[in-house]
Amino acid sequence: MQTIAVIDFETSGLAPGGGGRATEIAAVLVRDGRIEGSFSSLMKTGVWVPPFIEQLTGISNEMLEQAPAAEEVMRQMAVFTQGCAMVAHNAPFDRGFWHAEMALAGCDPDPAHEFACTVLLARRLYPEAPSCKLGMLAQFHHLPDSGRAHRALADAMTTAHLLLRIQQDVAAQFADELEDWPVDHALLAHLQRANKSALKRSVQDFVRKMKLSEGATSANRGFARASAEAGV
DNA sequence: TGCCAGGCCCTCTTTAGGGCCTT
């Protein structure tokens, strides 16, 4: 199964377009239902962090003065997550900063970096949850304590545990529809856009389509092999 | 306390508006 990188940014504001810059990033690698590694770092961009955000995250302007340059951190992160599909809690937020910081670091976009969102998935799978804020979902599911909330590694780790819980629940809830198909990133990306009142049918449609696609690919491989052997 | 941005979802919708979630 493909490795999924769960990422989380701490930033100086709510959008890169409004002058916001990243102050910290973390990535947690998830594969085969397990957490397999992590990377995190503060990032020095020269941006001023407002007092409200200093208080929220615990990341001060003084701490960032000693941090490695953002460009270097993003280059390391590009290597760490190479070939991984991406997951984040409220993915549009992290995706925006990901693309902005990668561009500023001069890194080319990785086509594997398609984002799935645990907020959208949680809204479909856990309508009984009081809210879909990360902290509330962690409490709702009794997820392991990952440390101080609003720090990148702790939030990325909590999101990784939430992702594992989502994968387990989808596998259990739709076992008949999935047959032997894994709860991979492609299925999650499909489910996050599905009509939540028809999730079972959506899973069935996805698996049918993927198996047809897989069959067509196998048939093409067979045709190509037969053609090669025949000297066509 | 309320606003700031962006993307997405939901509904009393689609020629829109309000709410959620992220820092």
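The figures that follow rest on heavy atoms only: side chains count, while hydrogens, waters and symmetry mates do not. Residue numbering restarts at 1 for every chain, and letters A, B, ... go by the order of the sequence lines.
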**Study point:** Pairwise distance CG(Leu163(A)) to CD(Gln167(A)) - rounded to 0.5 angstrom
**Key:**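 One gets 4.5 Å once the value is rounded to the nearest 0.5 Å.
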
Study note, to complete from the structure: Rounding to 0.5 Å, atoms CZ (Arg193(A)) and CZ (Arg124(A)) come to a distance of 9.5 Å

[X] has an atom [atom1]; how far is it from atom [atom2] of [N], in whole Å?
X: Phe97(A); N: dC21(B); atom1: CZ; atom2: P; answer: 19 Å
X: Asp94(A); N: dT23(B); atom1: CG; atom2: C1'; answer: 10 Å
X: Leu56(A); N: dC4(B); atom1: CG; atom2: P; answer: 19 Å
X: Leu134(A); N: dC20(B); atom1: CG; atom2: P; answer: 17 Å
X: Met136(A); N: dC20(B); atom1: CE; atom2: C1'; answer: 14 Å
X: Lys133(A); N: dT22(B); atom1: NZ; atom2: P; answer: 7 Å
X: His99(A); N: dT22(B); atom1: NE2; atom2: P; answer: 19 Å

Between [M] and [N] - [atom1] atom distance, rounded Å:
N: dA16(B); M: dC3(B); atom1: P; result: 23 Å
N: dC9(B); M: dC4(B); atom1: P; result: 23 Å
N: dG2(B); M: dG6(B); atom1: P; result: 23 Å
N: dT1(B); M: dG17(B); atom1: P; result: 29 Å
N: dG7(B); M: dC12(B); atom1: C1'; result: 23 Å
N: dT15(B); M: dC21(B); atom1: C1'; result: 28 Å

Check your understanding: Taking it one step at a time, do His150(A) and Thr57(A) satisfy side-chain hydrogen bond (donor to acceptor under 3.5 Å, both in side chains)?
Key -> CA-CA 5 Å; His150(A) 297 296; Thr57(A) 65; over 6 Å; no

Salt bridge [X]-[Y], side-chain N to carboxylate O under 4.0 Å:
X: Asp169(A); Y: Arg165(A); answer: yes
X: Glu101(A); Y: Arg21(A); answer: yes
X: Asp205(A); Y: Lys200(A); answer: no

Indicate, with a heavy-atom threshold strictly under 4.0 Å, whether [X] touches base, sugar-phosphate, or nothing.
X: Cys117(A); result: nothing
X: Phe9(A); result: sugar-phosphate
X: Ser12(A); result: nothing
X: Thr23(A); result: nothing
X: Asp155(A); result: sugar-phosphate

Check your understanding: According to the interplanar angle, ranging from 0 to 90°, do the rings of Phe140(A) and Tyr126(A) count as parallel (below 30°), tilted (30 to 60°) or perpendicular (above 60°)?
Key ->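 Tilted: the ring planes of Phe140(A) and Tyr126(A) meet at 30° to 60°.
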
Exercise for review: Spell out protein contact along nucleotides 5-13 of chain B as letters: B when the base is contacted, S when just the sugar-phosphate is, - when no protein heavy atom is under 4.0 Å; keep the 5' to 3' order.
Suggested key: BBSSSS---

Exercise for review: Decide whether Glu54(A) and Asn61(A) meet the rule of one side-chain donor and one side-chain acceptor closer than 3.5 Å.
Suggested key: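 Glu54(A) vs Asn61(A): donor-acceptor pair found between side chains.
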
Exercise for review: Determine: side-chain N/O of His89(A) to OP1/OP2 of dC21(B), distance under 4.0 Å, yes or no.
Suggested key: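 So the side chain of His89(A) is outside the cut-off, no N or O lying under 4.0 Å from OP1 or OP2 of dC21(B).
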
